[in-house]
Amino acid sequence: MDVDFIFKVAAIGIIVTVLHQVLVRSGREEQAMLTTLAGLVVVLLMIVNVIGELFATVKSVFGL
């Protein structure tokens with residue numbers, strides 16, 4: 001895992017937090033919740049890709 005990946009996840013978190021706060025203060029709670037959910041889905045998909053790479057690496061190490 002690279003430090004770049006951690007920075008990407010942190011950047012997405014910061015952007016989603018700012019968007020959430022702006023939308024809540026403007027009275028659009030539903031859009032704020034959907035924005036937060038979309039950010040969560042993006043980060044989870046990124047993590048699934050990294051876990052897939054991890055399993056592929058472990059598989060190649062053990063020669064399976």
Side-chain angles (χ1 to χ4, degrees):
M1 185 164 74
D2 205 16
V3 176
D4 187 44
F5 178 75
I6 296 171
F7 285 141
K8 285 180 184 178
V9 171
I12 292 172
I14 291 170
I15 291 169
V16 167
T17 302
V18 169
L19 286 174
H20 179 82
Q21 290 298 321
V22 168
L23 288 170
V24 166
R25 295 199 188 256
S26 66
R28 298 182 177 182
E29 288 82 14
E30 292 86 10
Q31 286 88 359
M33 186 175 63
L34 287 175
T35 302
T36 304
L37 184 62
L40 178 66
V41 168
V42 168
V43 170
L44 285 176
L45 288 174
M46 290 172 59
I47 291 173
V48 165
N49 287 335
V50 171
I51 291 174
E53 291 174 9
L54 172 68
F55 284 152
T57 303
V58 168
K59 186 177 178 181
S60 69
V61 165
F62 290 111
L64 299 175

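These numbers come from a predicted model, not from an experiment. Nothing fancy with the numbering, it's 1 onward along the sequence.
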- Query: Taking the hydrophobic residues Ile, Leu, Val, Met, Phe, Trp and Tyr, and joining any pair whose side-chain heavy atoms are under 4.5 Å apart, which ones share a cluster with Ile15?
  - Reply: Leu19
- Item | Of all pairs that satisfy salt bridge (Lys or Arg N to Asp or Glu O under 4.0 Å), the ones with a partner from residues 12-23, not counting sequence neighbours | none
- Query: What residue pairs, at least two apart or across chains, pass salt bridge (Lys or Arg N to Asp or Glu O under 4.0 Å) with a residue in residues 8-18?
  - Reply: Asp4-Lys8
- Should Val16 and Val9 be counted in the same cluster of Ile, Leu, Val, Met, Phe, Trp and Tyr side chains packed under 4.5 Å apart? yes
Throw together a table of side-chain donor-acceptor distances under 3.5 angstrom for residues 28-46, partners on residues two or more places apart or in other chains.
residue	atom	partner	partner atom	Å
Thr35	OG1	Gln31	O	2.7
Thr36	OG1	His20	ND1	3.1
Thr36	OG1	Ala32	O	3.0

- Which residue pairs pass the side chain to side chain donor-acceptor pair (under 3.5 Å) test with at least one member in residues 54-64, sequence neighbours excluded? none
- Query: So which heavy atom on Leu23 is nearest to which on Ser26, and how close?
  - Reply: O-OG, 3.0 Å
- With sequence neighbours excluded, residues passing side-chain contact (heavy atoms from CB on, under 4.5 Å) with Phe55: Ile51
